[in-house]
Q: 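Handing you this structure, nothing more for now.
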Amino acid sequence: MKKIVVLSGAGMSAESGMSTFRDAGGLWDKYPVEQVATPEGYRRNPELVIRFYNDRRKQLLEVKPNNGHKLLAEMETSFNVTVITQNVDNLHERAGSNHVIHLHGELTKVCSSYDPGNEQYVKELKPEEYEVKMGDLAADGSQLRPFIVWFGEAVPQIETAIRYTEKADVFVIIGTSMNVYPAAGLLNYVPRNAEIYLIDPKEVQIGSSRTIHVIQKGASEGVAELLSRLRE
Ligand code: OAD
């Protein structure tokens, strides 16, 4: 089976009603990124940061996977599909994708404030536990914090993501502005002979000399078109 590796970003979940970050009216317009997505912001005001991610987690309970997520999951019947996502939602999994690598963490999980990367203290929250409070503690006695990779923190899953990217026959970029590294740098690991597709309703600036097949559409329509092109 052909190996398809997908790199998805916030635009993948836009049609489900999740906010993107850098579009006009996106999350970083409303909440300064240095306040809610950096270790310094968390140290300064943990309550605000915990509340911000509680709100995101609540929003996730109210949305559903869109057709784009569903079609990617269905592709597993004809292709070997790996999804590398920058998204912290669980919509790929809920649509049925079996192999999802989360580069930037997962909203449904919490971890230790002292040792965020330590798997031992990572805990999956049940839907009814979506609201984390100040004083809720990890097993090491520290405040439970969102299991999110913030700016300036290491991205432990990048090595695994690189390994899959290096074996791709087809690499598909969906709904990401390709502004954030190391995720955007995965493009440099795509084998020479692999085909690259990009699905986004807007033009995305990519600093690469590679040939990229652009499908200028939203995620649902775009993945449908990708499928018909791959079957040609
Ligand atoms: P951005 O908000 O930077 O980019 C979203 C992209 O989705 C843009 O290129 C949009 O044009 C596109 N888009 C909008 N609607 C779409 C649709 N219906 N279908 C397909 N694409 C659509 O989000 P990311 O690139 O994902 O990190 O941002 C990367 C990281 O920066 C995030 O993971 C987050 C953020 O700061 C952390 O929080 C650590």
Side-chain angles (χ1 to χ4, degrees), residues 6-42 48-50 52-57 59-60 63-72 83-92 95 100-109 111 116-117 145-158 161 172-187 197-207 212-227:
V6 175
L7 173 64
S8 69
M12 182 80 228
S13 301
E15 289 163 35
S16 296
M18 295 295 280
S19 313
T20 56
F21 297 98
R22 293 174 185 76
D23 294 294
L27 276 175
W28 296 158
D29 269 355
K30 290 187 219 136
Y31 307 89
V33 59
E34 53 289 345
Q35 274 180 26
V36 298
T38 62
E40 294 75 26
Y42 180 61
L48 171 86
V49 176
I50 285 173
F52 173 76
Y53 288 97
N54 282 348
D55 289 346
R56 305 275 78 71
R57 208 175 287 119
Q59 186 189 16
L60 184 55
V63 302
K64 292 197 191 79
N66 62 54
N67 272 334
H69 295 108
K70 289 182 197 159
L71 286 172
L72 284 180
V83 178
I84 302 169
T85 188
Q86 298 168 83
N87 298 344
V88 295
D89 65 48
N90 56 4
L91 295 174
H92 283 298
V100 184
I101 299 167
H102 283 273
L103 289 179
H104 294 162
E106 292 170 74
L107 262 182
T108 52
K109 293 181 178 170
C111 60
R145 68 159 253 191
F147 183 59
I148 304 286
V149 174
W150 287 325
F151 287 95
E153 293 190 311
V155 181
Q157 291 300 318
I158 196 69
V172 187
I173 301 163
I174 309 177
T176 167
S177 59
M178 296 293 271
N179 268 304
V180 174
Y181 285 79
L186 284 172
L187 192 52
Y197 288 86
L198 184 146
I199 300 171
D200 201 297
K202 295 209 188 115
E203 208 176 306
V204 179
Q205 298 300 333
I206 290 187
I212 297 181
H213 307 291
V214 177
I215 301 178
Q216 202 168 352
K217 290 186 172 166
S220 295
E221 272 189 77
V223 178
E225 178 161 337
L226 170 74
L227 262 173

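Both counts, for ligands and for their atoms, begin at 1 and track the order of listing.
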Q: Spell out, as yes or no, whether a donor-acceptor pair under 3.5 Å connects the side chain of Asn54 to the backbone of Arg57.
A: no
Q: Output yes when a side-chain donor or acceptor of Thr176 lies under 3.5 Å from a complementary backbone atom of Ser8, and no otherwise.
A: no
Q: Taking any residue with a non-hydrogen atom under 4.0 angstrom from an atom of ligand 1, which ones do you get?
A: Gly9, Ala10, Gly11, Ala14, Glu15, Thr20, Phe21, Arg22, Asp23, Trp28, Gln86, His104, Val149, Phe151, Gly175, Thr176, Ser177, Val180, Asp200, Pro201, Lys202, Gly218, Ala219
Q: Residues in salt bridge (charged side-chain N to carboxylate O under 4.0 Å, His left out) with Glu225, at least two apart?
A: Lys217, Arg229
Q: With a 3.5 Å distance limit and no angle check, can you tell me whether Asn179 reaches the backbone of Ala184 through a side-chain donor-acceptor pair?
A: no
Q: Closer than 3.5 angstrom, by distance alone: can the side chain of Asn87 be matched with the main-chain N or O of Asp89 as a donor-acceptor pair?
A: no
Q: Where the side chain of Gln216 meets the backbone of Pro201, is there a donor-acceptor pair that is under 3.5 Å apart?
A: yes
